[in-house]
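What follows is a single structure, written as C-alpha cells, with notes after it.
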Amino acid sequence: MKQPFKTSIAKEIWIESLNWTFELIDILNKANNGHGKNPDIESSKIILNSVKEKIQRRKEAIILKIDKIGIHVKPVRNFKASLEKLLNSTEIDFTKGMKIPSNPFDLFDTISDSDLTEFYLNNNIDKVKSNLETSWIAFNQSYGRMLIKMKLNGYPID
C-alpha cells in the first residue's frame with residue numbers, strides 16, 4: 001500500500017513560505033525607501049543587515065519541513081526544487097544579459113561591500129523583487145501540481 005500524503009505539512013510549508021516572502025518584500029520595500037526612490041545607502045544597509053540572519057533561519061526551517069512529507073516521488077521533488085528556488089530568490093544572477101558570465105551573488109552579501117552605491121543597491125533590490133515574483137508563481141504551480149498528481153497517482157491523502 002502507498003504511504004499517505006500529508007497535505008497538512010504541504011499546506012504548512014506553503015503558508016510559511018508565503019509569510020517569508022511577504023516579510024522579505026516588506027524588508028526590501030523598506031530598504032529601498034518604497035518603490036525605488038533613492039534610498040539612503042547607510043540606512044538601507046542597516047535594515048538589510050539587521051534581518052539577514054532572521055531571514056536565513058526562517059528559510060532553513062522551511063526547508064527542513066519538506067522532509068516531513070516522507071514521500072520521494074517526482075511531484076514532491078519538483079515541489080521541493082521550486083521551494084528552494086523561491087527561498088534562494090535573494091541570489092542575483094546577471095549572466096542572462098551578459099556575454100561574459102559572472103558569478104551569482106546574494107543580496108545580503110553585498111551589503112558589506114564598501115563600493116556599493118545607491119544605484120546598484122536599488123538595482124539589486126529590484127532584481128530580487130523580480131526573482132520573488134517569478135519564483136512565487138512557479139512555486140504555487142508546483143504546489144498545485146503536486147497535490148493533484150498525488151491524488152491522481154492514488155496516494156491516500158491525509
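Since we're looking at a predicted model, the values are computed, not measured.
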Self-check item: Smallest separation among heavy atoms of Glu91 and Asn131, with atom names
Solution: O-ND2, 3.0 Å

Quiz prompt | Connected via hydrophobic side-chain network under 4.5 Å: Ile137 and Leu83 | solution = no

Quiz item: Atom NZ in Lys129, atom CG in Leu24: separation rounded to 0.5 Å?
Solution: 10.0 Å

Exercise. Kindly give the heavy-atom pair with the smallest separation between Pro75 and Lys149, and that separation in Å.
Key: CG-CB, 3.6 Å

Quiz prompt | Aromatic ring proximity Trp136/Trp14, centre distance under 6.0 Å | solution = yes

Self-check item: Spacing of CG belonging to Asp106 relative to CG belonging to Asp93, to within rounding of 0.5 Å
Solution: 12.0 Å

Quiz item: Between Asn122 (side chain) and Glu118 (backbone), is there a donor-acceptor pair under 3.5 Å?
Solution: no

Quiz prompt | Over 12 foreign heavy atoms within 6.0 Å of CD, Glu133 | solution = no

Practice problem: Using the rule that two of Ile, Leu, Val, Met, Phe, Trp, Tyr join whenever any of their side-chain heavy atoms come within less than 4.5 Å, decide whether Val76 and Ile148 are in one cluster. | Solution: no

Quiz item: Residues two or more places apart in sequence or in another chain: which of them pass side chain to side chain contact (heavy atoms under 4.5 Å, CB included) with Leu116?
Solution: Ile41, Lys45, Thr110, Asp113, Tyr120, Leu121, Asn124

Practice problem: State whether the number of non-hydrogen atoms from other residues, nucleotides or ligands found under 6.0 Å of Glu60 atom CD is greater than 12. | Solution: yes

Quiz item: Going from NZ on Lys30 to CD1 on Ile125, what distance comes out if it is rounded to the nearest 0.5 angstrom?
Solution: 12.5 Å

Quiz item: Are there more than 12 heavy atoms of other residues, nucleotides or ligands under 6.0 Å from atom CG of Leu18?
Solution: yes

Quiz item: Can you tell me how far the OG atom of Ser8 sits from the CD1 atom of Ile13, to the nearest 0.5 Å?
Solution: 9.5 Å

Exercise. Return yes if some donor-acceptor pair links the side-chain N/O of Arg77 with the main-chain N/O of His72 below 3.5 Å, else return no.
Key: yes

Quiz item: Would you say Phe119 and Ile92 are hydrophobically clustered, going by side-chain heavy atoms of ILVMFWY under 4.5 Å?
Solution: yes

Practice problem: Please report the closest heavy-atom contact between Gln3 and Pro156, naming both atoms and the distance. | Solution: O-CD, 3.8 Å

Self-check item: Short side-chain to backbone donor-acceptor contact, Thr21 and Ser17, under 3.5 Å
Solution: yes

Quiz item: Does Val73 reach the side chain of Asn153, with side-chain heavy atoms less than 4.5 Å apart?
Solution: no

Quiz prompt | Worked check of side-chain hydrogen bond (donor to acceptor under 3.5 Å, both in side chains) between Ser142 and Asn78 | solution = CA-CA 7 Å; Ser142 70; Asn78 290 344; over 6 Å; no

Quiz item: Got Asn49 and Phe108 here, is their nearest side-chain heavy-atom distance under 4.5 Å?
Solution: no

Self-check item: Steps toward side chain to side chain contact (heavy atoms under 4.5 Å, CB included) verdict (Trp20, Lys59)
Solution: CA-CA 8 Å; Trp20 180 87; Lys59 180 167 101 170; 4.0 Å; yes

Quiz item: Quick one: do Ile55 and Phe22 end up in the same hydrophobic cluster if we chain Ile, Leu, Val, Met, Phe, Trp and Tyr together by side-chain heavy atoms under 4.5 Å apart?
Solution: yes

Practice problem: Drop me the distance from Ile71's CD1 to Phe79's CZ, to the nearest 0.5 angstrom. | Solution: 12.5 Å

Quiz item: Is Met146 reachable from Leu152 through a run of I, L, V, M, F, W or Y residues, each pair having side-chain heavy atoms under 4.5 Å apart?
Solution: no

Quiz item: Looking at CD of Glu42 and CD1 of Ile111, how far apart are the two atoms once the value is rounded to the nearest 0.5 Å?
Solution: 11.0 Å

Quiz prompt | Asn88 side chain vs Glu84 backbone, donor-acceptor pair below 3.5 Å | solution = yes

Exercise. For the pair Ser89 (side chain) and Leu86 (backbone), establish whether a donor and an acceptor sit closer than 3.5 Å, ignoring hydrogens and angles.
Key: yes

Quiz item: If we only count heavy atoms from C-beta on, is the Lys65 to Glu12 side-chain gap below 4.5 Å?
Solution: yes

Quiz item: Of all heavy-atom pairs between Phe5 and Met150, which one has the smallest distance, and what is that distance?
Solution: CD1-CE, 3.7 Å

Quiz item: Which pair of heavy atoms, one from Ile63 and one from Ile66, lies closest together, and at what distance?
Solution: O-CG2, 2.9 Å

